[in-house]
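Each remark here refers to the structure printed beneath this line.
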There are 2 protein chains.
Amino acid sequence: MSIRLVIADDQALVRGALAALLGLEPDIEVVAELGDGTGAAAAVVEHSADVAMLDVEMPGLDGISAAAAVRQAAPSCRVLMVTTFGRPGYLKRAMQAGASGFVVKDTPARQLAEAVRRVHQGLRVVDPALAAESLTAGDSPLTEREGEVLKAASDGGTVADIAKSAMLSEGTVRNYLSAAMSKTGGRTRAEAVRIAEDNGWLL
Amino acid sequence: MSIRLVIADDQALVRGALAALLGLEPDIEVVAELGDGTGAAAAVVEHSADVAMLDVEMPGLDGISAAAAVRQAAPSCRVLMVTTFGRPGYLKRAMQAGASGFVVKDTPARQLAEAVRRVHQGLRVVDPALAAESLTAGDSPLTEREGEVLKAASDGGTVADIAKSAMLSEGTVRNYLSAAMSKTGGRTRAEAVRIAEDNGWLL
DNA sequence: GATGAGGGATGACAAATGTCATCGAGGGGC
DNA sequence: GCCCCTCGATGACATTTGTCATCCCTCATC
């Protein structure tokens, strides 16, 4: 009996190509393709899928939240995360959300089908290099509000803009940014944003 | 006689999946897969390819430069650019570099093979929405140095950092950033960076 | 030969940013 | 109860930015 697979990735070309690639495997059957995470849980239930392959970066519901939704709606369905960016924070958060596997998009294509099979068997699949990095990197040092403010700062607005969007006073925003800069080691607001993004501490 | 195709994309999973997808077409033969743009021209010559499919964002030699190299080394080989980001500036620059087609990664997968065929026939393939945007967006208003300085600023360093890396005085850096902010309409250095990136004016 | 645009620089000034000390309220832990 | 941390805020202060006027040099172009 073949593995019933749901694929969610916002890039149609990639999604279609992955479906084609995996559909070639005799023991894998692609039962649904989604362009965002919103309908993932529903699709898994509807098609009684065995494995859900989710991209982390998606419009609407992001992959991590989608993973949690899938796990809740169908505990027997395993989740395999696929992502462009090997950010340590993503891995940790994905695992906490109930994912069984985590691969980056520059792993060889032939390993993908194997990853799907292992996940289906209940094994965990994690890129070894990324796992190591994730251990050393540790959790986000940012408090919730610091993260929010830093994210609000990530599109380059002024302190006044951020204060308005976060409903905070300007001074408070500056304090949070200062704390975030100190914790990330960035010497500029923009540098702090970059560091936090690279580590997967935002989203 | 089948179309001989070279694929270059830095994400191995995507590259493999695209190769698998296109390899299914009876009239297309994938003769080489590359992980960066450096060897693209050589691979095209070696395998006497008819079409080269290049990603814009690649480590080492970027897709636009690779396209120019391919066109120079093998004028009979057509170039089809594939990119994650539909940035107007990319399209214009790719066309100037001699590309015949330009598709974004969220076009439907089945159109891809068709795009390869059209490019091979000497037709041009361009995402219509993107083409329209590209016309309205216009060329980069930034002068060469302004672009360089803005790019140096894009990782969030201070003026002093940028001045050092660009071998300029701090005052000059501030002048260029000021000009870049005025031309892009950004109110902050960071905002100017984001706007320029979104339009494909950096790289 | 004049004009203009771009590259590079300086200096001055106003506004924004980053830092610090401090304060109060609330929420767990011991 | 008390301590510690986070959240939220304020005010003061030193730096850093962003803006502007002005200068010089070079290279096209008219």
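Computed from a predicted model, the values in this text were never measured in an experiment. Protein chains get the first letters and strands the later ones, always in sequence-line order, with residue 1 at the start of each.
With hydrogens and angles left out, the side chain of B:R145 and the base of C:dG7 share no donor-acceptor pair within 3.5 Å.
For residues 194-203 of chain B, the salt bridge (Lys or Arg N to Asp or Glu O under 4.0 Å) pairs, not counting sequence neighbours, are B:R194-B:D198. Applying the salt bridge (Lys or Arg N to Asp or Glu O under 4.0 Å) test to every pair with at least one member in residues 159-177 of chain A, sequence neighbours left out, gives these pairs: A:D161-B:R187. Within the structure, every pair that satisfies the side chain to side chain donor-acceptor pair (under 3.5 Å) test and touches residues 5-20 of chain A, not counting sequence neighbours, is listed here: A:D9-A:K105. For residues 108-119 of chain B, every residue pair satisfying the side chain to side chain donor-acceptor pair (under 3.5 Å) rule, not counting sequence neighbours, is listed here: B:E25-B:R117, B:D27-B:R117, B:E114-B:R117.
In terms of modelled atom types and a separation under 3.5 Å, the side chain of A:T184 and the main chain of A:A180 share a donor-acceptor contact.
The CG-C1' distance, from B:L142 to C:dG6, rounds to 14 Å in whole Å. In this structure, B:R174 atom CZ and C:dA16 atom P are separated by 16 Å, rounded to whole Å. In this structure, CD of A:E144 is placed 15 Å from P of C:dG27, rounded to the nearest angstrom. The CD atom of B:E146 sits 14 Å away from the P atom of C:dA5 (whole-angstrom rounding).
For B:K151, there are no salt bridge (Lys or Arg N to Asp or Glu O under 4.0 Å) partners at least two apart in sequence or on another chain. A search for salt bridge (Lys or Arg N to Asp or Glu O under 4.0 Å) contacts involving B:E29 returns B:R4, not counting sequence neighbours. Not counting sequence neighbours, the partners of B:A152 by the side chain to side chain contact (heavy atoms under 4.5 Å, CB included) test are B:I162, B:S165.
Summary of helix geometry: the two end axes of the helix from C:dG1-D:dC30 to C:dC30-D:dG1, each defined by five base pairs via their C1' atoms, are inclined to each other by 30° (rounded to 10°).
Judged purely by distance below 3.5 Å, without hydrogens or angles, the side chains of A:R87 and A:Y90 pair a donor atom with an acceptor atom.
A heavy-atom distance below 4.5 Å is found between the side chains of B:L22 and B:L5.
The residue among A:S178 and B:N175 whose nearest nucleotide of DNA chain C is located toward the 5' end is B:N175.
Distance check, rounded to the nearest 0.5 Å: CG of A:L130 to NZ of A:K92 gives 11.0 Å. Atom CG of B:L13 is separated from atom OG1 of A:T107 by 4.5 Å, given to the nearest 0.5 angstrom.
Taking 4.0 Å as the cutoff to heavy atoms of chain B, we find the contact window on DNA chain D bounded by D:dT17 to D:dC20.
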Distance-only donor-acceptor pairs under 3.5 Å for side chains of residues 77-86 of chain B, two or more places apart:
{"from": "B:T83", "atom 1": "OG1", "to": "B:E57", "atom 2": "OE1", "distance (Å)": "3.2"}
{"from": "B:T83", "atom 1": "OG1", "to": "B:E57", "atom 2": "OE2", "distance (Å)": "3.2"}
{"from": "B:T83", "atom 1": "OG1", "to": "B:F85", "atom 2": "N", "distance (Å)": "3.2"}
{"from": "B:T83", "atom 1": "OG1", "to": "B:F85", "atom 2": "O", "distance (Å)": "3.4"}

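For the segment residues 150-173 of chain B, residues with any heavy atom less than 4.0 angstrom from an atom of DNA chain D are, sorted by number, B:T158, B:V159. Heavy-atom distances under 4.0 Å link DNA chain D to B:M181, B:R189 of residues 181-196 of chain B, given in residue order.
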